[in-house]
Amino acid sequence: MPAILVVDDEVLIAWNLAMDLESMGAEVIGPFHSLDDALAGVADVTPTLAVLDINLHDRKVWPLAEVLSERGVPMLFVSADIDHGHIAARFPSARKVQKPISAAELKRHVSEMTASTLG
């Protein structure tokens, strides 16, 4: 069962992502709604995959993405700001999806990125 980190400052979106992932059989880490909480949440755990929003209130997710990248964690950016040039420059293997993401699309990405079959 993959352990998937969920970070989105919009509480409803974060909880919907978490519920969709749990219904697929994934273990959810979070969801976290701020950069600081997310960084603390991964201090002692390395997720299988991370689903990240880019804009977290008045901050960007980049410091967390750097930590995850150093640990080799695949990242799926789900954001309204998906055309951000920083992704291609710093995280070229990350996937990008424009908000909103359907449960079916989320499942497809997660299954492909974790090489697992989720319910």
Side-chain angles (χ1 to χ4, degrees):
M1 172 186 334
I4 302 175
L5 173 68
V6 174
V7 181
D8 196 307
D9 63 337
E10 296 180 53
V11 175
L12 224 52
I13 290 173
W15 283 105
N16 282 336
L17 288 167
M19 288 189 320
D20 286 345
L21 291 165
E22 286 175 347
S23 73
M24 296 173 204
E27 174 189 338
V28 173
I29 301 169
F32 297 104
H33 312 294
S34 74
L35 178 60
D36 292 336
D37 288 346
L39 285 166
V42 298
D44 297 324
V45 66
T46 298
T48 308
L49 171 73
V51 178
L52 308 173
D53 187 12
I54 293 173
N55 298 306
L56 303 174
H57 301 291
D58 60 344
R59 299 173 76 185
K60 300 285 190 212
V61 75
W62 309 139
L64 174 63
E66 293 286 344
V67 168
L68 296 171
S69 179
E70 289 170 8
R71 295 184 193 174
V73 176
M75 292 176 277
L76 172 63
F77 291 98
V78 179
S79 179
D81 188 22
I82 215 61
D83 291 327
H84 208 289
H86 194 78
I87 297 171
R90 183 61 188 103
F91 312 108
S93 64
R95 292 192 185 193
K96 307 179 293 185
V97 177
Q98 186 75 33
K99 276 184 180 178
I101 186 171
S102 69
E105 187 177 11
L106 179 63
K107 181 178 180 179
R108 180 178 60 80
H109 283 287
V110 170
S111 294
E112 291 172 1
M113 294 174 77
T114 63
S116 69
T117 8
L118 297 173

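Predicted, not measured: the structure shown is a model, and the values here were computed from it.
- His33 has its side chain out of reach of Leu56: every pair of non-hydrogen atoms, C-beta onward, lies at least 4.5 Å apart.
- Ring pair Trp62/His86 is tilted by interplanar angle, where 30° to 60° counts as tilted.
- Taking OG from Ser34 and CG from Asp58, the interatomic distance works out to 10.5 Å, rounded to the nearest 0.5 Å.
- The CH2 atom of Trp15 sits 12.5 Å away from atom CG of Asp8, with the distance rounded to the nearest 0.5 Å.
- Side-chain contact between Pro63 and Glu66 is absent, with no heavy-atom pair separated by less than 4.5 Å.
- Atoms NZ and CG, on Lys60 and Leu35 in that order, are 12.0 Å from each other to the nearest 0.5 Å.
- For the pair Val110 and Leu49, the minimum side-chain heavy-atom distance is below 4.5 Å.
- The shortest non-hydrogen separation linking Val42 to Pro47 is CG1-CD, 4.4 Å.
- Rounding to the nearest 0.5 Å places CE of Met75 at 9.0 Å from CD1 of Ile87.
- In summary, Lys99 and Asp53 engage in a salt bridge, as defined by a charged side-chain N under 4.0 Å from a carboxylate O.
- Residues Pro74 and Met113 come closest through the heavy atom pair CB-CE, 3.9 Å.
- Note that CD1 of Ile54 is 5.0 Å distant from CG of Asp81, once rounded to the nearest 0.5 Å.
- Side-chain atoms of Lys96 and Val78, non-hydrogen and from C-beta on, never get closer than 4.5 Å to each other.
- A donor atom on one side chain and an acceptor atom on the other are not found under 3.5 Å apart for Asp20 and Ser23.
- Side-chain atoms of Val51 and Phe77, non-hydrogen and from C-beta on, never get closer than 4.5 Å to each other.
- In this structure the side chain of Pro2 never reaches within 4.5 angstrom of the side chain of Glu27, judged on heavy atoms.
- Shortest non-hydrogen contact noted between Val97 and Ile82 is O-CD1, 3.5 Å.
- The closest side-chain heavy-atom distance from Val7 to Leu64 is below 4.5 Å.
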Exercise. Applying salt bridge (charged side-chain N to carboxylate O under 4.0 Å, His left out), run through Arg59 and Asp36 and close with a yes or a no.
Key: CA-CA 10 Å; Arg59 299 173 76 185; Asp36 292 336; 3.0 Å; yes
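- Here the rule is side chain to side chain contact (heavy atoms under 4.5 Å, CB included) with Leu76, and of Leu52, Leu106, Ile4 only Leu106 fits it.
- Val61 and Val45 fall within the same hydrophobic cluster, where Ile, Leu, Val, Met, Phe, Trp and Tyr residues are linked whenever their side-chain heavy atoms come under 4.5 Å apart, directly or through other members.
- Note that CD of Glu112 is 12.0 Å distant from NZ of Lys107, once rounded to the nearest 0.5 Å.
- Side chains of Phe32 and Val6 form no contact here, defined as non-hydrogen atoms less than 4.5 Å apart.
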